[in-house]
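Just so you know, residue 1 is the first one in the sequence shown, and it goes up from there.
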Amino acid sequence: AIKSDPNIKLEGEWCGEDVKFTVNNSLPSSVKYIGYFCSVEILVPDRFVLPGMHIHALGDNITTVRGGPMDKDTPDFGLDFGPNRFRLTGSRVEARLQNVTAKLF
């Protein structure tokens, strides 16, 4: 179920050379994360060369990032950033990555 709240917004810049989106949760801190979770899924074809990507996890909750051949129906799937950079930053990040190639990681 997807709940909507006027204080939780997906904000983005979609039309430039770079794409940026942010989930902005401006609920009061006393209720900000009660019953709240955010799931973002980026689906790409196998061995499609991805543009540079930076995932920056803000806040105190654990952010989980998963990529590669994690499902039974995609045993050889890989994330290929080619000459591009993949960055993952934040203070509480759990990453499960397999079969990822990038010039800078």
Side-chain angles (χ1 to χ4, degrees):
I2 298 175
K3 295 181 181 180
S4 61
D5 187 296
N7 292 312
I8 301 173
K9 297 176 183 169
L10 177 64
E11 300 169 344
E13 299 170 18
W14 318 104
C15 298
E17 211 172 279
D18 298 324
V19 173
K20 177 182 178 179
F21 66 88
T22 303
V23 177
N24 186 358
N25 181 345
S26 60
L27 289 167
S29 59
S30 61
V31 296
K32 191 172 204 166
Y33 297 114
I34 295 175
Y36 173 85
F37 72 93
C38 176
S39 179
V40 176
E41 202 171 329
I42 301 171
L43 303 174
V44 296
D46 187 27
R47 291 298 165 196
F48 175 82
V49 177
L50 295 160
M53 186 178 295
H54 180 192
I55 299 172
H56 182 63
L58 297 172
D60 295 327
N61 286 355
I62 294 175
T63 296
T64 302
V65 177
R66 162 187 119 113
M70 305 281 179
D71 300 317
K72 291 179 183 178
D73 61 340
T74 57
D76 299 318
F77 181 79
L79 292 173
D80 186 357
F81 289 91
N84 303 313
R85 172 187 261 189
F86 176 66
R87 293 177 62 200
L88 183 58
T89 58
S91 58
R92 301 199 57 177
V93 179
E94 179 182 289
R96 294 183 322 182
L97 303 169
Q98 295 177 358
N99 204 10
V100 176
T101 58
K103 183 175 182 180
L104 297 168
F105 182 52

Spacing of [X] atom [atom1] and [Y] atom [atom2] [to the nearest 0.5 Å]:
X: I62; Y: S91; atom1: CD1; atom2: OG; value: 10.0 Å
X: T89; Y: H54; atom1: OG1; atom2: NE2; value: 3.0 Å
X: N61; Y: N25; atom1: CG; atom2: CG; value: 9.5 Å
X: H56; Y: T63; atom1: NE2; atom2: OG1; value: 9.5 Å
X: T101; Y: F86; atom1: OG1; atom2: CZ; value: 11.5 Å
X: D5; Y: L27; atom1: CG; atom2: CG; value: 4.5 Å

Open item on the list: Using every non-hydrogen atom in the two residues, find where P75 and P69 come nearest and quote the distance to one decimal.
Closed with: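 So the two residues come closest at O-CB, 3.3 Å.
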Task: Qualifying residues under side-chain contact (heavy atoms from CB on, under 4.5 Å), relative to P51, sequence neighbours excluded - done: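 Scan of P51 (side-chain contact (heavy atoms from CB on, under 4.5 Å), adjacent residues dropped) gives none.
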Can you check whether [X] reaches [Y] side chain to side chain, under 4.5 Å on heavy atoms?
X: L58; Y: R92; result: no
X: N99; Y: D76; result: no
X: F81; Y: V49; result: no
X: Q98; Y: M70; result: yes

Task: Donor-acceptor pair, side chain of D71 and main chain of D73, under 3.5 angstrom - done: no
- [ ] Report yes or no: does T22 contribute a side-chain atom to a donor-acceptor pair with the main-chain N or O of E11 at less than 3.5 Å?
- [x] no
- [ ] Check each of I42, V65, V93 against I55 using the side chain to side chain contact (heavy atoms under 4.5 Å, CB included) test, and report the only one that passes.
- [x] V65
Open item on the list: If the threshold is 4.0 Å, N to carboxylate O, is there a salt bridge linking K32 and D60?
Closed with: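 Salt bridge: no.
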Open item on the list: Counting only heavy atoms from other residues, nucleotides and ligands, does the tally under 6.0 Å from OH of Y33 exceed 12?
Closed with: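 More than 12 within 6.0 Å, yes.
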Task: Residue pair I8, N24: steps toward the side chain to side chain contact (heavy atoms under 4.5 Å, CB included) verdict - done: CA-CA 6 Å; I8 301 173; N24 186 358; over 6 Å; no
